[in-house]
There are 2 protein chains.
Amino acid sequence: MASHDERCASCAIRHQAICGALSDEELTALNAIAHFRKVRAGQTVMADSEPSSFFGNVLSGAVKLTKMMPDGRQQIVGLLFPSDFLGRAFSPDAPYYAEAASDVELCTFPRTEFERLLKAFPTLEHRLLEHTLDELDASREWMLLLGRKNAEEKVASFLVMIARRARNVGCAGSGNLDFARFALPLSRAETADYLGLTIETVSRQITRLRARGLISLEKGRTFVVPSIRALAQVAEPNGTRLD
Amino acid sequence: MASHDERCASCAIRHQAICGALSDEELTALNAIAHFRKVRAGQTVMADSEPSSFFGNVLSGAVKLTKMMPDGRQQIVGLLFPSDFLGRAFSPDAPYYAEAASDVELCTFPRTEFERLLKAFPTLEHRLLEHTLDELDASREWMLLLGRKNAEEKVASFLVMIARRARNVGCAGSGNLDFARFALPLSRAETADYLGLTIETVSRQITRLRARGLISLEKGRTFVVPSIRALAQVAEPNGTRLD
DNA sequence: CGCGGGATTGAGCCGAATCAATGCAGGTGG
DNA sequence: CCACCTGCATTGATTCGGCTCAATCCCGCG
């Protein structure tokens, strides 16, 4: 029992995750049903066909949520980072397919037990609601990107989003807030599926941004963004032209 | 007080809306803060800049939620029909702009009072969560459309979605379930902004679908879909080729 | 009757997809 | 250690779907 509390106390992402702001009693109950789980990059976390038996918090790594059309076309509809919640409450099967984008650590909860706790503890359900609302906002932001941005803006927006997320994870206050350096958890193919583009177009746009000095690449998937602000300017050009 | 209960009792959309499954006590409290409101087509319901002071249920008509880029490009990120909930809980200003697509009737609740009731009545918050999860599912479905479907599929998907929604409103069991006939609440320009296309492309695809007999138009924005199933086949072609 | 806003249709162009080749690093076996 | 493979990324040439620009058309309305 005491060890349960300790586990949570030392949890790096507790405050942001749905466990944040829970009472001791609630936290203990939640912890009593929690299981640690690792998933290797590329492995399925939950399939959209078979009903998933659990929920979970992402502790480390990244999980991608994808939707697929019968003919194979694919779209990533969500990307989960540490402290994000995984799973579709109140519906046996999620309308998407969840896969580990990198090696992932999860704090999982069996479906039925977790839903029982949701009923028992309104605070927990409240946290889940807040979380869901944030995800809805994010997915609408992405709809704007998918529907109205061109390839260059899409890639820039994507890198800005990742850069900002990565900063939060890599601990705050580490010098320049406008600078970022991170390992992209996605391949080119996955990036393309996230942005509604093809591999080739993503690659071309990255080289163009590199040529303009807005980003640089060091071995593999590690990106350096000298100025997030400048990159964000490309992601969403404002009306003022400066030619 | 008794009149309050009566109003809800006669409400056509109560069961689907967040008011559904509330106890008498809860319903009375909610009703005590409710105000009826009409908004004319084209009018702003809530602006994304100024903090909105209320939430609401859509009683009749359709509300569109749009996002805009600094340079004017626009994307509709949500379309609300009767029984849908309007507003962003726990955040003073919604990250989008809400406008009446047609003449709209709303059942509104002042922000602070409604958030107080959410705290007081977990059942209400639970309903809101279920509703938000559904919207999240829908918006992810739309991400697939925006990112991976071509113009023809987009327009067909859109019409199928509206046709299905319209059937629910127009009362169930009215003969053929595969047939639909409805007045589109959106102009071509709005449809384009919903699908990430231009007016011209939307128009062309509609004429093509008409030529194939999959839809027909009668004066203005009234559509007839003889077979929703056949149209859905165009919206999401399955792998099996039949040439 | 003429006006005006939305919708349709047409001609040409451009950006991203497609098709195809090449590059590059990590891993494996001779 | 090097040759070879394999999976991912880059680059180039070409095509094509949807955008742009522009001309009607349609219909309600003053």
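Chain naming here is simple, since letters A, B, ... match the order of the sequence lines and numbering starts at 1 in each.
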Mind calculating the distance between [atom1] ([X]) and [atom2] ([N]) to the nearest angstrom?
X      : N      : atom1 : atom2 : answer
B:D193 : D:dC19 : CG    : C1'   : 14 Å
B:L146 : C:dA16 : CG    : P     : 16 Å
A:E152 : C:dG15 : CD    : C1'   : 12 Å
A:I206 : D:dT10 : CD1   : C1'   : 10 Å
B:R208 : D:dG18 : CZ    : C1'   : 12 Å
A:L186 : D:dA9  : CG    : C1'   : 15 Å
A:R73  : C:dA17 : CZ    : C1'   : 13 Å
B:R188 : D:dC25 : CZ    : P     : 19 Å

*Do the side-chain N and O atoms of A:T132 and B:T132 include a donor-acceptor pair separated by under 3.5 angstrom?*
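No - no donor-acceptor pair under 3.5 Å links their side chains.
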*Which part of the nucleic acid, if any, lies within contact of B:S187, taking any heavy atom under 4.0 Å across all strands shown: a base, the sugar-phosphate backbone alone, or nothing?*
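The residue B:S187 makes sugar-phosphate contact but no base contact.
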*asked:* Using a heavy-atom cut-off of 4.0 Å across all strands, would you classify B:L197 as base, sugar-phosphate, or nothing?
replied: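 Sugar-phosphate: the residue B:L197, judged by heavy atoms under 4.0 Å, touches backbone atoms but no base.
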Are side-chain heavy atoms of [X] and [Y] found at a separation under 4.5 Å?
X      : Y      : answer
B:V63  : B:V39  : no
A:L146 : A:Q75  : yes
B:F182 : B:T222 : no

*On DNA chain C, check which nucleotide each of A:N150 and B:R221 is closest to and give me the residue with the more 5' one.*
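The residue mapped nearer the 5' terminus is B:R221.
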*Parallel, tilted or perpendicular for B:F85 and B:F55, by the 30°/60° rule?*
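B:F85 vs B:F55 ring planes: parallel.
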*Which of parallel (below 30°), tilted (30 to 60°) and perpendicular (above 60°) describes A:F158 and A:W142?*
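Perpendicular, since the angle between the ring planes exceeds 60°.
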*Counting only heavy atoms not in A:R37, do more than 12 fall under 6.0 Å of its CZ?*
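Yes, CZ of A:R37 has more than 12 neighbouring heavy atoms, counting only those of other groups under 6.0 Å.
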*CZ of A:R73: more than 12 outside heavy atoms within 6.0 angstrom?*
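Yes, because the 6.0 Å sphere around CZ of A:R73 holds more than 12 heavy atoms from other groups.
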Quick test: give all pairs of protein nitrogen or oxygen and nucleotides 27-30 of chain D nitrogen or oxygen below 3.5 Å, distance rounded to 0.1 Å.
none

_Quick check: on DNA chain D, is the nucleotide nearest A:L217 upstream (toward 5') of the one nearest A:R148, or the reverse? Name the residue that is more 5'._
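Checking each residue's closest nucleotide, the 5'-ward one belongs to A:L217.
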_Any donor-acceptor N/O pair, B:T108 side chain to B:G56 backbone, under 3.5 Å_ =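 Not at all, since once roles are kept as given, no pair shorter than 3.5 Å links the two residues.
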Shorter than 3.5 Å, N or O on both sides, protein versus nucleotides 9-13 of chain C: list them out with atom names.
from	atom 1	to	atom 2	distance (Å)
C:dG10	N7	B:R204	NH1	2.9
C:dG10	O6	B:R204	NH2	3.4

